[in-house]
Amino acid sequence: MYKSGAFVAEHVTPVTDEQVQPNGVDLTLEAVFEQREPGRIGIEGKEVGVRHRRREHVVEGFGENDATDPYYLPPGGYVARYTEIVRIPEGHVGFIYPRSSLLRNSCMLNTAVWDAGYEGRGEGLLQVHHDIEIERGARVAQLVLCEADHDDVYDGSYQGENVE
Ligand SMILES: O=c1ccn([C@H]2C[C@H](O)[C@@H](COP(=O)(O)OP(=O)(O)OP(=O)(O)O)O2)c(=O)[nH]1
């Protein structure tokens, strides 16, 4: 059974009333990264290739704008990091869906499974199929939690990621 947005909100920090939806909690965009070096998925182990944080105001041909300008993203694949720290409680599994306004603007957020016991500021693959502007701090995704059986809890290399 999927849990209510109010329940999900207890496991997201920080969270405002505006982010709490009937069935989940909206997550906001903290940063956008562009991959510069190859990564590697091995039979044992994996490596994330070098990525560079994209500046908010890169607009081809328009020079430097104000630091408060939104991200201007031409078509391509980007790694999006969420602002909020998410904790997946035991007895649950998390899924993130893109905000539908992204799809309606020819963009997609690809996501994987959020394991019971995971805590951190996670990331997703932002596919841009048509130029789009996204403000830092804008809602881009929705986290939902579903009750789930499991044996162990998450103890992988991304545990505690991006949490100072
Ligand atoms: O779209 C997603 C999906 C999951 N996660 C977080 C939560 C999840 O619990 C953790 C690890 O995900 P996964 O188990 O898929 O990573 P892996 O590639 O198998 O690495 P590891 O073996 O270190 O867990 O990353 C994200 O940040 N984004």
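Residues take their numbers from the sequence shown, with the count starting at 1. Both counts, for ligands and for their atoms, begin at 1 and track the order of listing.
Atom 24 (O) of ligand 1 has as its closest protein heavy atom Tyr154 OH, 2.8 Å. Summary of contacts: the protein heavy atom closest to atom 2 (C) of ligand 1 is Trp114 NE1, 3.2 Å. In this structure, atom 25 (O) of ligand 1 lies nearest to the protein heavy atom Tyr118 CE1, 4.0 Å.
Ligand 1 has no atom lying under 4.0 Å from any heavy atom of Arg121.
Checked by distance only, ligand 1 and Thr111 stay at 3.5 Å or farther apart across all their nitrogen or oxygen atoms. The shortest N/O to N/O separation between Lys46 and ligand 1 falls below 3.5 Å. Where the criterion is an N or O separation shorter than 3.5 Å, residue side chain and backbone included, Tyr158 fails it with respect to ligand 1. An N or O contact shorter than 3.5 Å links Ala112 to ligand 1 by distance.
Checking atom 28 (N) of ligand 1 against the protein gives a heavy-atom contact under 4.0 Å.
Near Gly122, with a cut-off below 4.0 Å to any heavy atom, the atoms of ligand 1 are 27 (O). Contact atoms of ligand 1 toward Gly156: 23 (O) (distance under 4.0 Å to a heavy atom of the residue). For ligand 1, the atoms closer than 4.0 angstrom to any heavy atom of Glu161 are 27 (O).
In the hydrophobic clustering of this structure, Tyr82 groups with Tyr118; members are Ile, Leu, Val, Met, Phe, Trp, Tyr whose side-chain heavy atoms approach within less than 4.5 Å, directly or through other members. In the hydrophobic clustering of ILVMFWY residues, with side-chain heavy atoms under 4.5 Å counting as a link, Tyr2 and Leu143 come out apart. Cluster annotation: Val20 is not connected to Tyr97 through the hydrophobic network of ILVMFWY side chains, with a link wherever side-chain heavy atoms come within less than 4.5 Å.
Counting heavy atoms closer than 4.0 Å to ligand 1, residue Val113 contributes backbone atoms (N, CA, C, O) but none from C-beta onward.
Classification of Arg136 and Glu30 as a salt-bridged pair holds, one side-chain N sitting under 4.0 Å from a carboxylate O. Between Glu123 and Arg51 there is a salt bridge, with a side-chain nitrogen of the basic residue lying less than 4.0 Å from a carboxylate oxygen of the acidic one.
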Check: Where do Tyr158 and Val48 land on the side-chain contact (heavy atoms from CB on, under 4.5 Å) test, with the steps shown first?
Finding: CA-CA 11 Å; Tyr158 302 115; Val48 176; 3.5 Å; yes
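Taking a 6.0 Å sphere around CD of Glu10, one finds it holds more than 12 heavy atoms contributed by other residues, nucleotides or ligands.
Distances from atom 13 (P) of ligand 1 to the heavy atoms of Leu109, Asp115, Val86 put Asp115 nearest.
To the nearest 0.5 angstrom, Leu29 atom CG is 13.0 Å from Arg139 atom CZ.
Under a 3.5 Å cut-off, the side chain of Arg54 and the backbone N or O of Tyr72 do form a donor-acceptor pair.
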